[in-house]
Amino acid sequence: MPIIAKVIVDTPAMTVDRPFDYLIPEQWQDVILPGMRVAVPFGPRQLLGYVVAVADVTALTDTKKLKEIVDIFDVRPVLTPEMLALGEWMAQDSLNFRISIFQTMLPNLMRGSYEKYFVLKNWDNTAAVKLFEGSETLDWKAVKDSEFVTALQRWIQAGDIETVYRVSSKETKKTKRALKNCLTETELIASLESLGNQAKAQRKCLAMLLELEATELWVDEAKARGISDAVLRSVAEKGWVTIFSKEIDRDPYANHHFEKSEPLDLTTDQETVFQRIFEVQREKIAKTFLLHGVTGSGKTEVYLQTIAEALKLGKQAIMLVPEIALTPQMVERFKSRFGKKVAVLHSALSAGERLDEWQKIEREEADIVVGARSAIFAPLTNIGLIIIDEEHEATYKQEDYPRYHAREVALWRAQHHQCPVVLGSATPNVESFARATKGVYELLELPERVNNRPLPTVEIVDLKDELRQGNTSSFSTVLLDKIKDRQQKGEQTVLMLNRRGFASFVMCRDCGFVPECPNCSITLTYHKLRHQLKCHYCGHQAPMPPQCPSCQSEHIRQYGTGTQKIEEELLELLPDIRIIRMDVDTTSRKGAHEKLLTAFGNGEADILLGTQMIAKGLDFPNITLVGVLNADTALNVPDFRASERTFQLLTQVSGRAGRHQLLGEVVIQTFNPDHYSIQLAQYQNYIAFYNQEMGLRKLTGYPPYYLTALIQVTSTDERKGEETIANITGFLKRELNEQTILLGPTPAPIAKIKNRYRYQCLIKYKVEPNLRDVLRRVLETYQKEIRNGLTVSIDFEPYTMM
DNA sequence: AGCACGCCGACT
DNA sequence: GTCGGCGTGCTC
């Protein structure tokens with residue numbers, strides 16, 4: 001009989017990132033299992049914790065220290081043994097805290113909610129009774145900032161009051177009012193006859209109940225049939241029906257109807273790819289495929305059919321898509337093919353909806369999970385296939401704690417379940433493609449668009465020439481002519497404004513002064529709506545100065561371009577053009593994204609104007625022109641992946657044009673027409689891009705030729721930060737191989753955020769078997785410095801180095 | 001992360 | 001003398 005539970009407690013700190021032993025009270029001795037959530041006393045507090053193991057003995061020498069588990073929150077484990085093992089691996093591999101990992105694996109509502117309150121014990125203490133306002137308890141929050149804190153401390157010492165810490169789960173169920181018929185058919189008829197003539201509404205109600213086959217009915221529905229609340233109350237009073245709250249699942253797609261779709265015929269290429277994946281599915285081995293298919297080559301149909309095979313084999317499947325591509329269009333495709341078997345997880349769900357979807361998976365009511373990054377932790381127990389669409393997308397890497405890459409988690413789970421992983425992309429991550437050429441992954445290709453649709457023709461426009469010809473607008477002559485042409489033909493245009501590394505800022509024309517955030521080393525962004533300057537990192541706001549604060553000149557104005565400004569500019573050039581604008585402003589409301597896309601799909605606009613969010617997943621037959629207004633802003637970012645990102649973005653957005661009957665055209669406007677990432681995007685020539693990029697990576701010593709880890713130090717004290725990063729770099733130099741390259745120490749590209757100075761050092765290495773141990777030692781050393789406003793963080797294979 | 005414990009300066 | 005500041009160590 002296990003009497004000891006090993007528990008990871010809810011405190012994300014290095015010193016407690018290990019299991020603590022607790023006694024299992026007798027009544028729970030065969031109830032508590034690994035993976036369950038419990039409440040445990042931890043120091044003076046009570047915390048939520050995850051049982052990671054049960055045992056007969058404790059390794060603790062002083063067994064008097066053992067405390068008992070005080071509460072349990074689950075009847076069955078919420079974390080499977082697989083998830084516990086995965087969590088352990090993630091903790092070791094990425095130096096994450098175990099508690100943070102477990103919490104990301106589960107819906108937010110399963111986290112603990114904490115209460116602290118006082119209980120009055122001595123009612124003779126009149127001052128206390130007064131403060132408690134005659135009640136037995138007093139909430140800590142109500143007094144924590146008041147002048148009574150010292151008095152309370154005194155009373156605790158005297159034993160007049162006690163502090164109570166309580167942890168509970170936040171889970172709630174959504175309920176809906178329902179009515180239950182308490183009468184038999186004969187009783188119903190009798191009651192009907194007993195009613196007087198004036199009780200027409202009650203008669204109608206009973207008549208309805210008679211017709212009803214079920215004994216229960218939603219109150220909503222009764223109302224819809226013309227039975228009012230008042231009538232329900234009177235029949236309930238007579239005991240004929242009871243009204244109660246019934247738990248329901250929140251189904252975010254409850255009001256959608258999905259047309260059933262059938263598998264499409266596959267092209268020869270699709271068939272070859274499908275068969276190869278299917279072969280491995282039957283063999284039940286862990287193998288990773290890289291599916292390189294040009295835009296419009298029908299990757300999604302292959303996904304759908306391999307998933308169908310997984311189901312036929314009695315298995316389940318996970319399909320990850322970038323958050324931004326988790327559009328209603330995408331969900332529609334899955335729901336219409338697989339119906340109720342699909343669970344969808346994305347950031348637009350409310351906490352309750354997310355919990356319900358999770359539970360639907362846990363109860364094995366869903367066999368297919370479609371979702372963004374964290375859906376890789378879906379509690380499926382019999383996975384037969386994992387697909388990551390647009391595998392090159394940066395959103396698969398979580399950049400804050402716990403740091404993880406969904407691709408790596410997918411590979412781990414595939415190993416556990418012995419099933420294939422399919423990484424799909426038109427523009428694979430350079431590292432992934434390198435692995436495919438080396439045979440670590442198996443390369444599968446879809447080189448042609450379905451129905452032999454040609455790729456769109458791409459024209460590159462040099463904005464320097466436009467300027468020379470005196471065109472200072474955001475639209476080149478070529479692009480504007482083509483837009484006009486489409487408008488006349490009734491075809492549609494997608495315009496993308498690339499916002500990466502780019503925002504509208506303010507500058508003084510006379511002295512060049514640019515307003516910066518006082519807390520962060522970043523230029524302030526101009527917001528037209530409020531006529532304000534805003535910092536995107538700390539939220540600092542300032543009014544737009546009427547004069548230059550530096551030279552008093554009035555020639556201070558906004559530079560750079562936002563979608564709003566583009567919209568105005570275009571309306572000035574083409575007054576009768578209909579534009580739908582998609583950016584953070586117009587899509588922040590729930591469902592707005594879907595609404596705008598539907599409107600565009602219905603032909604309610606000539607132009608869809610947006611930021612990167614429109615580059616993916618759009619599939620409308622009438623789009624024949626794609627314009628990229630500024631292709632190169634992403635090139636100016638200090639990041640070794642800048643070219644790769646630019647190439648990927650341009651290729652993706654170009655792929656939106658001419659996907660169906662009509663031919664597509666693309667216009668790319670740039671100041672760097674000769675840059676290889678732009679040149680090669682013109683022909684969607686991934687292989688040429690890959691080769692060129694690999695040459696550069698080799699020369700500069702970046703992935704995949706080197707592995708990387710980024711150490712970042714932040715400090716409120718500039719000197720201390722500088723000192724610390726220097727010490728760490730020195731330490732690393734001593735501990736690591738001679739061949740390992742250390743870039744730094746240097747200030748981070750954004751040298752200050754929220755008044756914290758930032759420094760970094762990039763480790764580039766080939767073989768470092770002890771790297772994790774060495775870095776763990778670094779973290780341990782500076783762990784106590786957190787108190788002095790210093791943080792040290794480590795990111796393996798970073799995606800952004802800002 | 002919190003919280004207690006403990007060691008120093010400035011007050012009744 | 002003691003109240004309360006915050007540096008340090010511990011939590012099964």
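Below, chain A is the first sequence line, B the second, and so on; all start at residue 1.
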Whole-Å gap separating [atom2] ([N]) and [atom1] ([X]):
X: Met14(A); N: dG2(B); atom1: CE; atom2: C1'; value: 19 Å
X: Asp17(A); N: dC10(C); atom1: CG; atom2: C1'; value: 16 Å
X: Glu68(A); N: dC12(C); atom1: CD; atom2: P; value: 13 Å
X: Ile8(A); N: dT11(C); atom1: CD1; atom2: P; value: 16 Å
X: Lys65(A); N: dC10(C); atom1: NZ; atom2: P; value: 9 Å
X: Lys64(A); N: dT11(C); atom1: NZ; atom2: P; value: 14 Å
X: Tyr401(A); N: dA1(B); atom1: OH; atom2: P; value: 12 Å
X: Phe20(A); N: dT11(C); atom1: CZ; atom2: P; value: 7 Å

- Salt-bridge test for Glu723(A) and Arg719(A): reply yes if a basic N is under 4.0 Å from a carboxylate O, no otherwise. yes
- Task: Could you tell me how the ring of Phe640(A) sits relative to the ring of Tyr702(A): parallel (under 30°), tilted (30 to 60°) or perpendicular (over 60°)?
- Result: parallel
- Query: With no hydrogens and no angle check, is any side-chain donor or acceptor of Thr11(A) less than 3.5 Å from a backbone partner on Ala13(A)?
  - Reply: no
Give one of base, sugar-phosphate or nothing for [X], where a contact means two heavy atoms less than 4.0 Å apart.
X: Pro12(A); value: sugar-phosphate
X: Thr15(A); value: base
X: Leu60(A); value: base

- Task: Could you please name the option among dC3(B), dA1(B), dC12(C) that lies closest to any side-chain atom of Lys116(A)?
- Result: dC3(B)
Decide whether [X] and [Y] meet the rule of one side-chain donor and one side-chain acceptor closer than 3.5 Å.
X: Asp10(A); Y: Tyr114(A); result: yes
X: Thr746(A); Y: Gln760(A); result: no
X: Gln398(A); Y: His405(A); result: no

- Query: In residues 38-47 of chain A, which residues come under 4.0 Å of DNA chain B by heavy atom?
  - Reply: Pro44(A), Arg45(A)
Using atom names, set out every protein N or O paired with an N or O of nucleotides 5-9 of chain C below 3.5 Å, distance rounded to 0.1 Å.
{"residue": "dG9(C)", "atom": "N7", "partner": "Arg787(A)", "partner atom": "NH2", "Å": "3.3"}
{"residue": "dG9(C)", "atom": "O6", "partner": "Arg787(A)", "partner atom": "NH2", "Å": "2.2"}

- Task: Tell me whether the guanidinium CZ or amine NZ of Arg403(A) lies under 6.0 angstrom from the six-membered ring centre of Phe796(A) and within 45° of its axis.
- Result: no
- Task: Quick one: pull up CZ in Arg645(A) and OG1 in Thr800(A) and give me the separation to the nearest 0.5 Å.
- Result: 7.0 Å
- Item | ring-ring contact (aromatic ring centres under 6.0 Å, His included) partner of Phe377(A), chosen from Phe102(A), Trp358(A), Tyr404(A) | Tyr404(A)
